[in-house]
There are 2 protein chains.
Amino acid sequence: MTSARTITRNSGVAIWRQIADQIRSDISSGKLATGARIPPEIELATRFAVNRHTIRSAIAALTKEGVLRAEQGRGTFIANSKKLTYRLGERTRFSQTLSTQVRETRGILLAHRLEEAPSGVAEALAMQSGQVVRIDTLHTADGSPVSCATAWFDAARVPNVAEDYSSSGSITFALKAAGIDDYLRKSTIIAARHAEAEELRHLRLSPGAIVLVATAINVDTMGHPIQYSKTRFAADRMEIAIDNESAG
Amino acid sequence: MTSARTITRNSGVAIWRQIADQIRSDISSGKLATGARIPPEIELATRFAVNRHTIRSAIAALTKEGVLRAEQGRGTFIANSKKLTYRLGERTRFSQTLSTQVRETRGILLAHRLEEAPSGVAEALAMQSGQVVRIDTLHTADGSPVSCATAWFDAARVPNVAEDYSSSGSITFALKAAGIDDYLRKSTIIAARHAEAEELRHLRLSPGAIVLVATAINVDTMGHPIQYSKTRFAADRMEIAIDNESAG
DNA sequence: TCAAATTTGTTCGTATGTATC
DNA sequence: GGATACATACGAACAAATTTG
């Protein structure tokens, strides 16, 4: 347990939630390991200079989230811990980048529809006009939701992408079915924000939780854009790594 | 103004803050442009299904942050807007990547000290043993703080890095002074979390705010690590872009 | 110039949540 | 657990500034 950082009163964020966020952050950043015992409530109360009831509220929230596990007479323990790393590269594939870290990954189709390309999407896909297929997906690692995404494709080029994704849980497979055997990551923009209500539900997060938003464009081997997507990662479970191989 | 997303009651995060966060997010994601007028309080109150006072609390918080500006009888307007983009590449340099987006950037030395390499740092710098120079810096763009960083260097190799940074506000300059004319970004890991108290102060953020954390290793032209750093970007002001040039 | 409509600013009161002791 | 203080959220007004007709 690291030292208690200052808490801010009257900020619109209850003290118990600020403390819960700090403890969760210490756990997911690796300062606290799985199975470790956190200090007793009285000690935490002293350290954060708050009442013990306030600490109990924080622990109760984290227990409900599944981050902590309290045992009467023994102490409070860390239930879960380490972050998964999503390695970004030209040939980034979701299941592949996680394959060494988890036993199993899965992709679930949440929704799909044909729509007029929203502003920004047509430009990103270098389309003159026309319709796009939009798919909303959820990705799990060992059964836990780790990210959800919205992706747009040129409807003329990959009309059955939703169906093919649904049956396989894989973008790579769905594109192969449309005759696109290979694709490359052209650009990625990474931002972070608070999770919205739908993301909270899908990723099983609590209000105030953070998502990393990766906005990406994938191109075929001719350099033509085929996929524009926004993936939201649960920031307490995932981090993104960028390796510059030539500088190794 | 996009549609109101759900707010969650009794979550430990005040409703006025959740609404303020949503409005701020809409602004910085570009859904709302500088100078634009946001809907009147009554309309927002209806849309979010809350009392007008609650909307006023949210607006007051954003006004204090400098994001909004209210004028009696006229309306409430967006004061500030666009996000800065930090382009990550092998030769990433802070001032250079922002030079096309802002008039002026500055680096300020907050603190420095000689210390035994903490766990993780010695490995990252490929040092057998010994001391490291740690510097804590703050970076501003056009006067606004956008990021703060902690960086470690092998004390044997760049003993005066703190002094040289202090006088120039530039890592590139400080390394040149130690005879390192060029360096490359080897790896970057990006995560996101809530800002800690010190970061809130330095970056002038409010509790619950988000920081993007970039953990980086820079190497010299021989591939030997010279700098290990953790940079925290205010997520509502900055995003990170990764371009894969060969896939363009 | 005046009047109406719109929009932000202010002041009551009341109920509930948060935090302390 | 109970008592107390303060923050949060709601509701109903009214006041002040601005825009529109």
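In the text below, chain A, chain B and the rest are named by the order of the sequence lines, each starting its count at 1.
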Output the rounded distance in Å from [atom1] ([X]) to [atom2] ([N]).
X	N	atom1	atom2	value
B:Ile59	C:dT8	CD1	P	7 Å
B:Leu68	C:dG9	CG	P	11 Å
B:Gln72	C:dT7	CD	P	14 Å
B:Glu41	C:dT10	CD	P	11 Å
A:Arg56	C:dC21	CZ	C1'	17 Å
A:Asn10	C:dG17	CG	C1'	13 Å
A:Arg17	D:dT8	CZ	P	15 Å
B:Ile38	C:dT7	CD1	C1'	12 Å

Contact under 4.0 Å: [X] side-chain N or O vs [N] OP1/OP2:
X	N	answer
A:Arg9	C:dT20	yes
B:Asn51	D:dG11	yes
A:Thr54	C:dT18	no
B:Arg74	C:dT6	no
B:Ser57	D:dT8	no
B:Arg37	C:dT7	yes

- Message: If you assign each of B:Ile55 and B:Arg52 to its closest nucleotide in DNA chain D, which residue comes earlier from the 5' end?
- Response: B:Ile55
- Is the closest basic N to carboxylate O distance between B:Arg24 and B:Asp26 below 4.0 Å?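 Salt bridge flag = no for B:Asp26 with B:Arg24.
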- Query: Is any NZ, NE, NH1 or NH2 atom of the basic residue among A:Arg201 and A:Glu196 found under 4.0 Å from an Asp or Glu carboxylate oxygen of the other?
  - Reply: no
- Of the nucleotides D:dA12, C:dT8, C:dT20, which has the atom closest to the B:His53 side chain?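 Within the option list, the nearest is D:dA12.
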- Message: Using only atom types and a distance under 3.5 Å, with no angle test, would you say the side chain of A:Thr46 pairs donor to acceptor with the backbone of A:Ile42?
- Response: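 Side chain of A:Thr46 to backbone of A:Ile42, a donor-acceptor pair under 3.5 Å: yes, one is there.
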- Note on the structure: salt bridge (charged side-chain N to carboxylate O under 4.0 Å, His left out) with B:Glu199: of B:Lys230, B:Arg232, B:Arg204, only one passes, and it is B:Arg232
- Please determine, by modelled atom types, if A:Ser187 and B:Asp243 share a side-chain donor-acceptor pair under 3.5 angstrom. no
